Amino acid sequence: MSRIITRRRFLIGSTLTASTLGLSGCDALVESPKVQSILKIAEGLTMKTQRALIGDDTLAREYSLADISPSFRANGTSMPDGAQYQDLLSRQFSTWQLEVGGLVERPAKLSLAALKAMPARTQITRHDCVEGWSAIGQWSGVPLGALLNQVGLKPEARYIVFHCADEYEKTLDGSGWYYESIDLVDAFHPQTILAHSMNGHDLEVAHGAPLRLRVERQLGYKQAKYLMRIEAVSDLSTLYGGNGGFWEDRGYEWYAGI
Ligand SMILES: Nc1nc2c(c(=O)[nH]1)N[C@H]1C(S)=C(S)[C@@H](COP(=O)(O)O)O[C@H]1N2
Ligand SMILES: [Mo]
């Protein structure tokens, strides 16, 4: 958290200057609605700058098999404790289905077998957690763009939301459901996949079984694990805390570009 605020202060310092904002370096100010909205503008600028500099379709660096980390830390939830997930796990996810809905022409429910039967992309990438650790892993799964083309996005769709099976903590409005969202540029990026395999094996529970998002140009907290439902939406403000993700609702940046 302090790291994020530090980064935000840096953003303010570099794009708008603290004096324009009348900032004194007080944490309470960072939480104020006015400062929050200015921070959102600053964040939009970083995303636009990054995309202008590196391009919409630029690939995150890919590594070789020899680079794969011998151990890949699990972070956040490592075992969802809800009864529904425990039931799915006890049946080796044979009854699990990914629901794809919202602003799509043909809502769908896909079994793990159906997803595994679709053409897959395999990539070896570096995962960077905001807490300061990184690990290189190999991920295989269905390109999200292919799945979205299959269900057909309605013209109003602007974001894809990922709903997970775990509640991480229940501090905000009593809800702690983990969720994430990305825009359509990232949704259709070639390295954005719904991964069912890691390092050549089915995903382990600790890493998000049976299916997780990999969106390789962003930080670890965007890589939603335990996917249950994908929803196309026009606006993020109506979901949970309104900031597009579990950690975003707790102050992290929505566009977590690396
Ligand atoms: N559903 C869910 N997804 C999640 C999290 C979580 O707690 N729940 N933690 C996030 C964070 S902060 C990181 S760094 C990565 C960790 O992925 P890993 O456990 O495979 O290392 O998952 C992300 N996705
Ligand atoms: Mo993380």
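This is a predicted model, so every value here is computed, not measured.
Linking ILVMFWY side-chain heavy atoms closer than 4.5 Å, directly or via other members, places Leu184 and Val161 in two distinct hydrophobic clusters. Hydrophobic clustering of Ile, Leu, Val, Met, Phe, Trp and Tyr side chains at less than 4.5 Å, counting indirect connections, keeps Leu103 apart from Leu110. Cluster membership check: Leu115 shares its hydrophobic cluster with Leu227, using side-chain heavy-atom separations under 4.5 Å among Ile, Leu, Val, Met, Phe, Trp and Tyr. Under the 4.5 Å side-chain heavy-atom criterion for grouping Ile, Leu, Val, Met, Phe, Trp and Tyr, Val151 is connected to Ile160 within one hydrophobic cluster.
Glu248 has its side chain out of reach of Leu236: every pair of non-hydrogen atoms, C-beta onward, lies at least 4.5 Å apart. Between Gln123 and Ile193 there is a side-chain heavy-atom pair separated by less than 4.5 Å. For the pair Lys154 and Glu105, the minimum side-chain heavy-atom distance is below 4.5 Å. Under the 4.5 Å side-chain criterion, counting only non-hydrogen atoms from C-beta, Asp186 is in contact with Gln218. Under the 4.5 Å side-chain criterion, counting only non-hydrogen atoms from C-beta, Val205 is in contact with Pro80. In this structure the side chain of Ile124 reaches within 4.5 angstrom of the side chain of Ile136, judged on heavy atoms. Residues Phe246 and Trp177 form no side-chain contact, since every pair of their non-hydrogen atoms from C-beta on lies 4.5 Å or further apart. A 4.5 Å side-chain heavy-atom check between Asp57 and His189 finds at least one atom pair inside the cut-off.
We find that Asp235 and Arg158 are not joined by a salt bridge, their nearest charged nitrogen and carboxylate oxygen being 4.0 Å or further apart.
A ring-centre distance under 6.0 Å is found for Tyr240 and Tyr179.
There is a side-chain donor-acceptor pair under 3.5 Å between Ser140 and Thr122. Side-chain contact annotation: His196 with Arg212, donor-acceptor N/O pair under 3.5 Å absent. A donor and an acceptor atom, one from each side chain of His163 and Glu231, are located under 3.5 Å apart. With no hydrogens or angles considered, no side-chain donor-acceptor pair links Gln97 and Ser111 at under 3.5 Å. Checking Asn75 against Tyr221 by side-chain atom types alone, no donor-acceptor pair falls below 3.5 Å.
Of the possible donor and acceptor atoms, none in the side chain of Glu99 sits under 3.5 Å from a partner among the backbone N and O of Ile230. The backbone N or O of Gln84 sits nowhere less than 3.5 Å from a side-chain atom of Asp87 that would complete a donor-acceptor pair.
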Test side chain to side chain contact (heavy atoms under 4.5 Å, CB included) on Phe162 and Arg229 and set out the steps.
-> CA-CA 6 Å; Phe162 304 87; Arg229 184 161 64 91; over 6 Å; no
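By the neighbour-count criterion of 12 heavy atoms within 6.0 Å, atom CD of Gln86 is densely surrounded, having more than that number from other residues, nucleotides or ligands.
Paired with Glu62 under the rule side-chain hydrogen bond (donor to acceptor under 3.5 Å, both in side chains), one option of Gln138, Arg126, Gln191 passes, and it is Gln191.
Checked against ring pair (Phe, Tyr, Trp, His ring centres under 6.0 Å), Trp139 has the following partners two or more places apart in sequence or in another chain: Phe72.
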